[in-house]
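Reading through the structure tokens given below for one structure.
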Amino acid sequence: DGLLFPNRKEDDPTGVEEHLRQWWLKGRAFQHVVRGLYSPNPYKFDAVPLELLGGIYERFLGKRLRVVGNDVTDEFKPEYQRTKGAVYTPHWIVRRVVERTLRPFTQDADPDAILGLRVLDPACGSGGFLLGVFDHLEEALLDWARAQPKSKRREGLVVDDDDGLRLTGETARRIINGCLYGVDIDPNAVEVARMSLALRYLERAAGDLADEPRNVLAGIGRNVRQGNSLVGPDIAGLGLDPAAVRETMPFAWTDRLFGFGSVIAEGGFDAVVGNPPYIEVKRYKEWMPAMYRYLKEGGRYVTADQGKTDIA
């Protein structure tokens, strides 16, 4: 059980998965299905990099279906009309941004400091930067373990087996559940990002997993939330129509249940990474007037007040 079949309201931004919880596939049947997808069968998902999967999904995240008369057509979502779709950030850019951002925190750091980091992507899309942060923190922990071959702290943190030095499944889970945080306005993107983190966890924890699949993915990706990271609940104070306010999908940063209130109460995030869509303020006036007014009159964004810069 996990976020692929969520059991809490904030873990199910689309509301669709609630129905899926009525179905349960027993462990042996689940194993049979999964094994049937791998060699010598024609599907080799382990040969496809996760970043490539994310890029494929992002091509679809930029569009939505629309009913026109008796026909159904697809069109670009308003925020992607100028770019003609979601823009996928190449892996080498992700790696460079993450490296330059996090290296001052992780260089020569011990495991407690590394696992204590809180990193945010406020427009995470399919999770490319979150995966990049995971990879960086993983490598930082492995570097520490290589430099401390006799340390007792290695136990439970890393494993040195036939596959070489690697993180334990529990350490991979600690990185995902404790270090990675993301927000996206698109609920489909949130689902894809959570799936990407779940697959990364399964990659790293494959050698430690029990035969019983239940609870393997419990909590994985819970810190990827759906909402508009630019708009807070205070938009209601502008006297706008409630329906227009809901359309902006405000994100309650300080809420402990639906936002990241616990992190903020402890001092906030250590770093912010990402490559959000850059949209001129005037574009919001066309397709989300309530958000435009919030940006201009909410008092949070000085540059938006001037109307001269893109808002990310």
Report the distance from atom [atom1] of [X] to atom [atom2] of [Y], rounding to the nearest 0.5 Å.
X    : Y    : atom1 : atom2 : answer
C124 : N223 : SG    : CG    : 11.0 Å
H136 : I114 : NE2   : CD1   : 8.0 Å
F105 : L117 : CZ    : CG    : 7.0 Å

Non-hydrogen atoms of [X] and [Y] that approach each other most closely:
X    : Y    : value
L102 : A271 : CD2-CB, 3.8 Å
L165 : V158 : CD1-CG2, 3.9 Å
I264 : W253 : CD1-O, 3.3 Å
L230 : Y294 : O-CE2, 3.3 Å
L157 : T171 : O-OG1, 2.8 Å
I176 : G221 : CG2-N, 3.9 Å

Query raised in the report: Which pairs count as salt bridge (charged side-chain N to carboxylate O under 4.0 Å, His left out) when at least one residue sits in residues 94-109, sequence neighbours excluded?
Result: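 Of all non-adjacent pairs touching residues 94-109, those that pass salt bridge (charged side-chain N to carboxylate O under 4.0 Å, His left out) are E99-R103.
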Short N-O contact, [X] and [Y], less than 4.0 angstrom:
X    : Y    : result
D160 : R166 : no
E139 : R146 : yes
E138 : R204 : yes
D135 : R200 : yes

- Task: Run the numbers on D110 and W144 for side chain to side chain contact (heavy atoms under 4.5 Å, CB included), then give the verdict.
- Result: CA-CA 7 Å; D110 64 17; W144 176 89; 4.3 Å; yes
Over-ring placement of R225 relative to F258, 6.0 Å and 45° cut-offs
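Not satisfied by the 6.0 Å and 45° rule.
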Exercise for the section: Mind checking ring-ring contact (aromatic ring centres under 6.0 Å, His included) for Y292 and listing every partner two or more places apart, or none if nothing turns up? Expected result: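 Counting only residues at least two positions away or on another chain, Y292 forms no ring-ring contact (aromatic ring centres under 6.0 Å, His included).
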Determine whether F251 and F260 satisfy the following criterion, ring pair (Phe, Tyr, Trp, His ring centres under 6.0 Å), listing intermediate values before the conclusion.
CA-CA 10 Å; F251 186 69; F260 300 132; 5.6 Å; yes
